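Beneath this line is the structure, given in structure tokens, with notes to follow.
Hydrogens, waters and symmetry mates are skipped; everything else that's a heavy atom, side chains included, is used. We count residues from 1, following the sequence as given. Only a predicted model underlies this, so the values are computations on that prediction, with no experimental measurement involved.
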Amino acid sequence: MSVVTWDGHLRIDHVPERGTVAVTLLTTEPASEVELRSGLVAGFATSDPEGPPTFVSVALRDDGIPDDVAELLGPRVSAAVADAVATGGRGGWLELDLGEVDGLAESWAPYRAAALSSAIPAPRGTLGAWAGELWTRLDLAGWADALRGPGLQFRSGRTGGEREPVQATWRLPDELAAAVGVDPEVTWEIRPRAGGAVEIDLGVRPAGGRANAVLQASLDDGSQQWQTFEPDPSGVLRARLIVPGDPVGVRFRSESRRSA
């Protein structure tokens with residue numbers, strides 16, 4: 001596989017009439033693009049499995065880009081984007097240094113894995129950096145179809161039309177698990193709720209004693225509504241997420257304990 005050289009030339013394109021901003025890191029390498037969630041598309045060079053995003057297009061919210069995307073883009077790029085949006089400008093150019101390019105590659109690593117991997121999401125997370133914390137993203141492969149499929153309806157031993165939960169396991173990156181003091185294996189269980197919503201119950205076992213950070217989870221929908229894993233009576237750490245509509249991925253991150 002060839003080594004890709006990044007010169008750091010980055011273009012910002014603000015399209016007010018569409019309510020979008022695109023950030024392009026120039027390269028001649030072919031790229032693979034993927035819609036990561038509604039309103040967020042990213043592309044990555046297929047020849048560089050450890051490289052930064054070549055392209056990010058994001059829909060504006062409340063006259064700006066979502067906070068999580070701003071954090072992933074880094075302070076200088078997000079500040080330039082915010083300035084273009086605030087002034088109504090069409091954008092411009094930035095020249096990133098090698099450290100900033102490497103920072104983008106590190107921050108966007110979980111999304112890069114989604115863009116360059118096979119169509120079926122892997123059960124093992126890829127490590128990324130998130131505003132000074134560690135993070136990863138995992139998908140529930142086929143879970144929407146599973147919930148709606150005939151295999152979940154009226155299973156033996158169930159009565160009254162109740163549907164049995166779907167459950168399986170993921171694996172967090174070892175570095176993230178160690179940072180928050182848990183076993184890397186995460187159990188997940190999903191079940192339908194009234195009105196078409198879906199409940200995701202996440203569980204992980206503590207390991208290695210008290211850590212300096214806690215584990216949090218959120219839907220990958222830009223809402224930034226993080227849920228901290230809390231112990232149940234058996235000692236398992238749990239978090240519960242509610243998906244109100246279309247299926248989205250689940251993000252996990254460390255959150256450092258703050259001294260009082």
Side-chain angles (χ1 to χ4, degrees), residues 1-8 10 22-27 29-37 39-58 65-78 81 96-141 170-180 182 184-186 213 215-222 224 226 248-256:
M1 184 170 291
S2 62
V3 176
V4 178
T5 300
W6 300 93
D7 61 15
L10 181 140
V23 174
T24 305
L25 192 60
L26 295 191
T27 179
E29 299 293 324
S32 176
E33 291 186 8
V34 63
E35 184 178 31
L36 300 169
R37 65 179 192 231
L40 180 61
V41 176
F44 296 86
T46 55
S47 57
D48 191 352
E50 297 182 354
T54 61
F55 173 80
V56 175
S57 176
V58 58
I65 60 175
D67 290 344
D68 62 330
V69 178
E71 290 174 345
L72 291 172
L73 289 175
R76 200 154 73 93
V77 177
S78 59
V81 169
L96 306 185
D97 61 32
L98 181 59
E100 289 172 310
V101 173
D102 287 345
L104 286 172
E106 185 178 17
S107 296
W108 288 79
Y111 284 143
R112 182 179 62 235
L116 300 182
S117 65
S118 62
I120 300 176
R124 178 185 295 266
T126 298
L127 187 69
W130 180 298
E133 304 287 354
L134 303 179
W135 81 287
T136 194
R137 176 185 190 268
L138 289 158
D139 275 321
L140 296 160
W170 282 322
R171 186 176 177 88
L172 298 174
D174 290 342
E175 299 90 335
L176 174 56
V180 297
V182 302
E185 185 175 274
V186 178
L215 182 64
Q216 296 184 328
S218 78
L219 300 177
D220 190 7
D221 58 2
Q224 291 280 68
W226 293 94
V248 295
V250 176
R251 294 186 295 196
F252 299 85
R253 74 172 183 183
S254 63
E255 175 69 7
S256 296

*asked:* If I compare all heavy atoms of Trp135 with all of Ser107, which pair ends up nearest, and what's the gap?
replied: NE1-O, 3.0 Å

*Would you say the side-chain atoms of Glu100 pair up with the backbone N or O of Asp97, donor to acceptor, closer than 3.5 Å?*
yes

*Counting N and O atoms only, with roles assigned by atom type, does the side chain of Thr136 sit under 3.5 Å from a partner on the main chain of Phe252, one being a donor and the other an acceptor?*
no

*Should the pair Asp221-Arg37 be classified as a salt bridge under the 4.0 Å nitrogen-to-oxygen rule?*
no

*Val81 versus Val23: any side-chain heavy-atom pair under 4.5 Å?*
yes

_Worked verdict on Asp48 versus Arg112 for salt bridge (charged side-chain N to carboxylate O under 4.0 Å, His left out)_ = CA-CA 10 Å; Asp48 191 352; Arg112 182 179 62 235; over 6 Å; no

*For Ala213 and Ser254, which heavy atoms make the closest approach, and how far apart are they?*
CB-CB, 4.1 Å

*Donor-acceptor pair, Gln224 side chain versus Asp67 backbone, under 3.5 Å?*
no

*Mind listing the closest non-hydrogen atom pair of Leu127 and Ala109 along with its distance?*
O-CB, 3.3 Å

*Would you say Glu133 and Ser256 make side-chain contact, with heavy atoms under 4.5 Å?*
yes

_Smallest separation among heavy atoms of Leu73 and Leu104, with atom names_ = O-CD2, 3.5 Å

_Nearest heavy atoms of Arg137 and Leu36, plus distance in Å_ = NH2-O, 2.9 Å

*side chain to side chain contact (heavy atoms under 4.5 Å, CB included) between Trp170 and Arg124, worked out*: CA-CA 6 Å; Trp170 282 322; Arg124 178 185 295 266; over 6 Å; no

*Any sub-3.5 Å donor-acceptor pair from Thr24's side-chain atoms to Leu26's backbone N or O?*
no

*Can you check side chain to side chain contact (heavy atoms under 4.5 Å, CB included) on Leu98 and Trp6, steps first, answer last?*
CA-CA 8 Å; Leu98 181 59; Trp6 300 93; over 6 Å; no

*Please check if atom CG in Asp7 has more than 12 non-hydrogen atoms from other residues, nucleotides or ligands closer than 6.0 Å.*
yes

_Heavy-atom side-chain contact between Val250 and Ser218 under 4.5 Å_ = no

*Dump the intermediate steps for side chain to side chain contact (heavy atoms under 4.5 Å, CB included) on Leu72 and Tyr111, then the final yes or no.*
CA-CA 11 Å; Leu72 291 172; Tyr111 284 143; 3.8 Å; yes

*Point-to-point distance, once rounded to the nearest 0.5 Å, from CZ of Arg171 to CD of Glu185*: 8.0 Å

_Would you say that more than 12 heavy atoms from the other residues, nucleotides or ligands in this model lie under 6.0 Å from the CD of Glu50, or not?_
no

*Quiz item: cation-pi between Arg253 and Trp226, 6.0 Å / 45°*: yes

*List the atom of Pro184, the atom of Asp174, and the distance in Å for their closest heavy-atom pair.*
CG-OD1, 3.7 Å

*Is Gln216 close to Val180 at the side-chain level, that is, under 4.5 Å between some pair of heavy atoms?*
no

*So, does Thr54 use its side chain to make a donor-acceptor pair with the main chain of Gly43 at under 3.5 Å?*
yes

*Using the ring of each side chain (for Trp, its six-membered ring), is Trp108 parallel, tilted or perpendicular to Phe44, with breaks at 30° and 60°?*
tilted

*Roughly how far, to the nearest 0.5 Å, is the CD1 atom of Ile65 from the CD atom of Glu71?*
10.0 Å

*Do Leu172 and Leu215 touch side chain to side chain, with heavy atoms closer than 4.5 Å?*
yes

